[in-house]
Amino acid sequence: MPLYEFQCAQCGAEFEMILRFSESDQKPDCPRCQGKFTRKKLAQVAAIGASQTASGNASSASCGSSGSGFR
Ligand SMILES: [Zn+2]
């Protein structure tokens, strides 16, 4: 379920609330001043499993003999 951030226009309190998709149009009351003038901020969708492990690409190719003393 997405997590929405709201901000109260009266007291400026910011709070988060998890709403269902069917409730996403609703605006909850401010938990601080019980005001109804809350507005939705950016929705932070919890990305599950977003940790991309960029493994591989091991730079272990160190066989380059630099400066060969050819004479
Ligand atoms: Zn408020």
Side-chain angles (χ1 to χ4, degrees):
M1 287 187 289
L3 175 67
Y4 292 99
E5 288 189 20
F6 292 91
Q7 184 174 21
C8 177
Q10 291 186 349
C11 67
E14 297 181 358
F15 56 97
E16 299 174 345
M17 191 165 294
I18 296 177
L19 298 177
R20 298 172 185 268
F21 286 105
S22 59
E23 300 174 347
S24 60
D25 290 336
Q26 298 182 4
K27 293 181 180 179
D29 298 339
C30 176
R32 184 182 295 179
C33 70
Q34 317 301 325
K36 297 184 181 302
F37 297 100
T38 56
R39 64 178 183 178
K40 187 187 297 179
K41 295 180 63 178
L42 290 177
Q44 290 183 346
V45 179
I48 301 174
S51 63
Q52 297 177 354
T53 58
S55 63
N57 198 11
S59 61
S60 63
S62 62
C63 59
S65 61
S66 63
S68 59
F70 255 79
R71 182 173 291 184

Could you pull out the closest heavy-atom pair between [X] and [Y], with the gap in Å?
{"X": "Phe15", "Y": "Cys8", "answer": "CE2-N, 4.5 Å"}
{"X": "Tyr4", "Y": "Lys40", "answer": "CD2-CD, 3.6 Å"}
{"X": "Gly35", "Y": "Gln10", "answer": "CA-OE1, 3.7 Å"}

Spacing of [atom1] belonging to [X] relative to [atom2] belonging to [Y], to within rounding of 0.5 Å:
{"X": "Glu5", "Y": "Glu14", "atom1": "CD", "atom2": "CD", "answer": "6.5 Å"}
{"X": "Phe6", "Y": "Met17", "atom1": "CZ", "atom2": "CE", "answer": "7.0 Å"}
{"X": "Gln26", "Y": "Arg20", "atom1": "CD", "atom2": "CZ", "answer": "11.0 Å"}

Would you say Thr38's side chain and Pro28's backbone share a donor-acceptor pair under 3.5 angstrom?
yes
